[in-house]
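Labels below follow one simple rule: chain letters A, B, ... track the order of the sequence lines, proteins then strands, and each chain is numbered from 1. In what follows, every heavy atom counts, from backbone to side chain, and hydrogens, waters and symmetry copies are set aside. These numbers were taken from a predicted model, which means no experiment stands behind them.
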There are 2 protein chains.
Amino acid sequence: MVDNLTVPSPETEIPEEVSGLRMTRQRREVYRILLQDRDHPTANDVFLRVKDALPSISLATVYNCLEALVQHGIVRQVNFERESSRFCPNVAEHGHFHDRSTGVIHDITFKPGVNLSDFLDLPAGAVITDIELTLRGQLGSI
Amino acid sequence: MVDNLTVPSPETEIPEEVSGLRMTRQRREVYRILLQDRDHPTANDVFLRVKDALPSISLATVYNCLEALVQHGIVRQVNFERESSRFCPNVAEHGHFHDRSTGVIHDITFKPGVNLSDFLDLPAGAVITDIELTLRGQLGSI
DNA sequence: ACCAATATCAAGAACTATTCTAAATTGGTT
DNA sequence: AACCAATTTAGAATAGTTCTTGATATTGGT
């Protein structure tokens, strides 16, 4: 079941404006691609996919669109090590699990009601505004 | 109190060989610099600092040395977003807290006895081998 | 101690992901 | 339809890092 409040389905009509960002043809297509396959594509992946609908789009435009979407909180930019940035339309707070054997990246959510200070020794008075969590490993050969 | 088992003090004699890595003059100096100021310097920071002791060292050599140290588990490479990699001699499992107002990066440790699955919804059968945690925020203006 | 084999270093070129620049295009508004 | 601002495009520029090559140093076997 998909939470349509935070992540619209790819079939949903994307409106003229989302979170104060005017949806141009390019931005709409880029966003639609992100909604279509939630596989955390890179800018270049998006570029290649979006060409089907907009053959004349440029890579710079894809970067522009992704930046606009990220800055308006519609899309999240995720960095793993020094690899190319990846993008996902799930803007709810979540971390990532990188399966080393398949390369697949899974979103992982925090259990409800858990507090950071429950399991971390934080500096006194630290106010956390942003969490970035990446796990690596394998999806068990049980 | 510093844990001399995982992080030697900068005054400690660095032996001929550490974890199977032969300590050349350059590697020893690079490592010493990391032990000296635990402020998560970039490769270029290290380069500038190490020049005092080895004026003829090249940036490429600093990269080589850092890579060797990282690959032998003596030093940890830390990436924040798409910034330059940073390096720290603390190879014990820990996360980072990035103070937005001062730019200072603090190491944060996990409370003992805590299990990942206590606060995360992990995919069934996931075996975690590596954790990367970065928090951002401010050190409270109380 | 000597020599060959091996590892390391230095310098700069090359590479990759991303950003910048400037000109062209688009879209909404008078 | 003309105007203006925003957007797009293509290619150049940039930053960080890696690669290549030849020089230098170190090790192990004699």
Side-chain angles (χ1 to χ4, degrees), chain A residues 14-34 40-72 74-88 105, chain B residues 14-34 40-72 74-88 105:
Chain A
I14 298 169
E16 282 296 303
E17 191 175 304
V18 179
S19 306
L21 180 67
R22 185 157 64 87
M23 275 295 152
T24 65
R25 206 139 62 92
Q26 287 82 349
R27 288 175 186 161
R28 195 189 316 277
E29 253 345 289
V30 165
Y31 189 36
R32 198 194 309 283
I33 289 296
L34 290 180
H40 304 83
T42 65
N44 197 58
D45 293 336
V46 173
F47 174 55
L48 296 176
R49 292 177 195 177
V50 95
K51 270 179 159 174
D52 280 348
L54 302 174
S56 73
I57 199 170
S58 74
L59 180 55
T61 298
V62 171
Y63 272 104
N64 287 342
C65 293
L66 289 169
E67 187 189 15
L69 291 165
V70 167
Q71 287 189 342
H72 284 75
I74 305 162
V75 161
R76 179 159 155 206
Q77 177 170 4
V78 187
N79 296 299
F80 298 122
E81 306 286 316
R82 311 218 85 255
E83 296 171 12
S84 309
S85 287
R86 297 170 176 279
F87 298 87
C88 75
I105 295 158
Chain B
I14 299 169
E16 282 297 302
E17 191 173 305
V18 179
S19 305
L21 178 66
R22 185 156 61 87
M23 273 294 151
T24 65
R25 205 138 66 91
Q26 286 83 349
R27 287 176 187 159
R28 184 175 288 111
E29 250 351 283
V30 165
Y31 188 35
R32 198 195 307 284
I33 288 297
L34 291 180
H40 303 83
T42 64
N44 197 58
D45 293 337
V46 173
F47 173 55
L48 297 176
R49 292 177 196 177
V50 96
K51 270 180 159 175
D52 280 349
L54 302 173
S56 74
I57 199 171
S58 74
L59 179 57
T61 298
V62 171
Y63 272 106
N64 286 343
C65 292
L66 288 170
E67 187 189 15
L69 291 165
V70 167
Q71 288 190 343
H72 283 75
I74 305 163
V75 161
R76 179 157 155 209
Q77 176 171 5
V78 187
N79 297 298
F80 298 122
E81 307 287 315
R82 311 218 85 255
E83 296 170 12
S84 308
S85 288
R86 298 169 177 279
F87 297 87
C88 74
I105 296 158

- Query: Pick one: which of A/Leu34, A/Val62, A/Thr61 meets side chain to side chain contact (heavy atoms under 4.5 Å, CB included) with A/Val50?
  - Reply: A/Val62

Write down the distance between [atom1] ([X]) and [atom2] ([N]), rounded to a whole number of angstrom.
X	N	atom1	atom2	value
B/Phe47	C/dC9	CZ	P	14 Å
B/Leu21	C/dA7	CG	P	13 Å
B/Ile57	D/dA23	CD1	C1'	16 Å
B/Lys51	C/dA10	NZ	C1'	13 Å
B/Glu29	C/dA10	CD	P	12 Å
B/Arg27	C/dA10	CZ	C1'	14 Å

Sort me out a list of protein N/O and nucleotides 12-14 of chain D N/O pairs below 3.5 Å, or just none if empty.
none

- Query: What distance do A/Asn79 atom CG and A/Phe87 atom CZ have between them, rounded to the nearest 0.5 Å?
  - Reply: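 Those atoms lie 7.5 Å apart.
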
- Note on the structure: Distance col, row A/Gln26:CD vs A/Ser58:OG, nearest 0.5 angstrom, shows 8.5 Å

- Message: Less than 4.0 angstrom between a side-chain N/O of B/Gln26 and OP1 or OP2 of C/dA10, yes or no?
- Response: yes

- Query: Taking all atoms of both residues into account, what is the closest heavy-atom pair of B/Gln77 and B/Ser85, and its distance?
  - Reply: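 Closest approach of B/Gln77 to B/Ser85: NE2-OG, 2.8 Å.
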
- Query: Of the non-hydrogen atoms in A/Val30 and A/Cys65, which two are nearest, and what is the gap between them?
  - Reply: CG2-CB, 3.9 Å

Heavy-atom donor-acceptor pair, [X] side chain to [Y] backbone, under 3.5 Å:
X	Y	answer
A/Arg28	A/Met23	yes
A/Arg82	B/Glu83	yes
A/Arg22	A/Glu16	no

- Message: Base, sugar-phosphate or nothing for A/Thr24? Non-hydrogen atoms, less than 4.0 Å.
- Response: sugar-phosphate

- Message: If we check salt bridge (charged side-chain N to carboxylate O under 4.0 Å, His left out) with A/Glu29, which of these qualifies: A/Arg27, A/Arg25, A/Arg32?
- Response: A/Arg32

- Task: Sugar-phosphate means primed atoms, P, OP1 and OP2; the rest is base. With that split, encode nucleotides 13-30 of chain C 5' to 3' as B, S or - using protein heavy atoms under 4.0 Å.
- Result: ----SSBB----------

